[in-house]
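Both backbone and side-chain heavy atoms feed into the values below; hydrogens, waters and symmetry mates do not. Quick caveat: nothing in here was measured; it's all calculated off a predicted structure.
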Amino acid sequence: MGGAQGKKGSPKKGWVPETKLEAKMVEAMQRRASEGSTMKSFNSIILKFPKIDESLRKYKAIFEQFDEDKNGAIDKEELKHCFAKLEISFTEEEINDLFEACDINDDMGMKFNEFIVLLCLVYLLKEDPTALHAYDVMWKFYVTLEKSRMGMPNLEATFETLVDAFVFLDKNKDGHVSKNEMIQAINETTTGERSSGRIAMKRFEEMDWDKNGMVNFKEFLFAFTHWVGIDDAEDDDEEGEATV
């Protein structure tokens with residue numbers, strides 16, 4: 001999918017979802033937004049980075065069990081082998097669907113941050129029976145990991161924090177974050193600072209993966225893994241040196 005989630009350059013008013021997953025994701029975020037957010041400022045989100053980072057890294061061991069050749073990405077054959085070890089079966093079509101949902105870079109390999117994004121999306125959709133029916137392969141994957149000996153401690157609490165952060169940014173509660181909403185969120189934290197607009201635009205550009213002027217929850221998650229340092233950890237593993 002390459003992270004493309006809407007018609008490039010199209011205004012939000014006339015936006016039409018390109019995939020069923022995208023439509024369900026937006027609907028779910030709109031429902032959650034109606035409940036409000038506990039976040040009070042963008043700084044309150046930043047302050048949670050260390051705790052979120054620590055929680056997500058607990059699942060690196062799970063990811064590494066899937067990544068048999070230790071190249072930093074899970075390919076389809078490795079996914080099949082892991083499912084066999086967990087004594088569950090997926091069809092070739094289901095394996096393809098799983099990769100379409102999580103291979104954000106469209107490079108036929110699931111990196112650790114994409115693995116986290118996939119799990120969080122399934123968590124978001126789990127309360128929607130129609131979504132689960134449409135994406136039962138994703139849900140089966142999630143439940144299998146939960147029930148396996150691998151374990152997934154505090155996963156839902158971490159995902160709830162991520163949902164809450166997105167809801168805070170989505171000021172008009174339409175399931176997306178626009179440039180103006182991002183600027184508003186940053187300005188609430190950095191009132192009076194001339195650099196606040198540049199900060200907001202930089203953060204927005206990092207989130208707007210397909211450059212269509214609006215950010216959905218999947219794009220937000222992908223950027224968030226970078227903000228908390230997940231991408232840096234991958235680079236460290238590959239290069240053998242710390243990323244500054």
Spatial distance of atom CG (Leu56) from atom CD1 (Ile116) [nearest 0.5 Å]: 5.0 Å
Closest contact, heavy atoms only, Ala165 versus Phe220: CB-CZ, 3.9 Å
Shortest non-hydrogen contact from Val228 toward Asp53: O-CG, 3.3 Å
Test side chain to side chain contact (heavy atoms under 4.5 Å, CB included) applied to Val167 and Met39, step by step: CA-CA 9 Å; Val167 168; Met39 301 291 180; over 6 Å; no
Which atom of Asp170 lies closest to which atom of Val177, heavy atoms considered: N-CG2, 4.0 Å
Pairwise side-chain contact, Lys173 with Gln30, heavy-atom cut-off 4.5 Å (strictly under): no
Closest contact, heavy atoms only, Met207 versus Ala223: CG-CB, 3.6 Å
Ion pair Glu77/Lys80, N-O distance below 4.0 Å: yes
Distance-only side-chain donor-acceptor flag, His81 / Glu68, under 3.5 Å: yes
Gap separating the CZ atom of Arg32 from the CG atom of Leu124, nearest 0.5 angstrom: 7.0 Å
Validation row: Glu181, Met214 side chains within 4.5 angstrom (heavy atoms): no
Distance (rounded to the nearest 0.5 Å) between Lys76 NZ and Met110 CE: 10.5 Å
Partners passing salt bridge (Lys or Arg N to Asp or Glu O under 4.0 Å) against Asp67 (at least two apart in sequence or in another chain): none
Carboxylate-amine/guanidinium contact Glu219 Lys211, below 4.0 Å: no
Val163 vs Met29 side-chain heavy atoms within contact, under 4.5 Å: yes
Spacing of CZ belonging to Phe42 relative to CG belonging to Leu47, to within rounding of 0.5 Å: 11.0 Å
Shortest non-hydrogen contact from Lys111 toward Glu114: N-OE1, 2.8 Å
Lys171 charged N/C atom sitting above Phe168 aromatic ring, 6.0 Å / 45°: yes
Polar side-chain atom of Thr161 near backbone of Ala157 as donor-acceptor pair, under 3.5 Å: yes
4.5 Å side-chain heavy-atom contact, Glu205 and Asp208: no
Rounded distance [0.5 Å steps], CZ in Phe204 versus NZ in Lys179: 6.0 Å
Spacing of SG belonging to Cys120 relative to CZ belonging to Phe222, to within rounding of 0.5 Å: 14.0 Å
Side chain to side chain, Arg203 and Trp227, heavy atoms closer than 4.5 Å: yes
Test item: Phe166 and Leu221 side chains (from C-beta on) under 4.5 Å apart, heavy atoms: no
pair Phe224-Ile45: side-chain heavy atoms closer than 4.5 Å: yes
Over 12 non-hydrogen atoms of neighbours within 6.0 angstrom of CD in Glu54: no
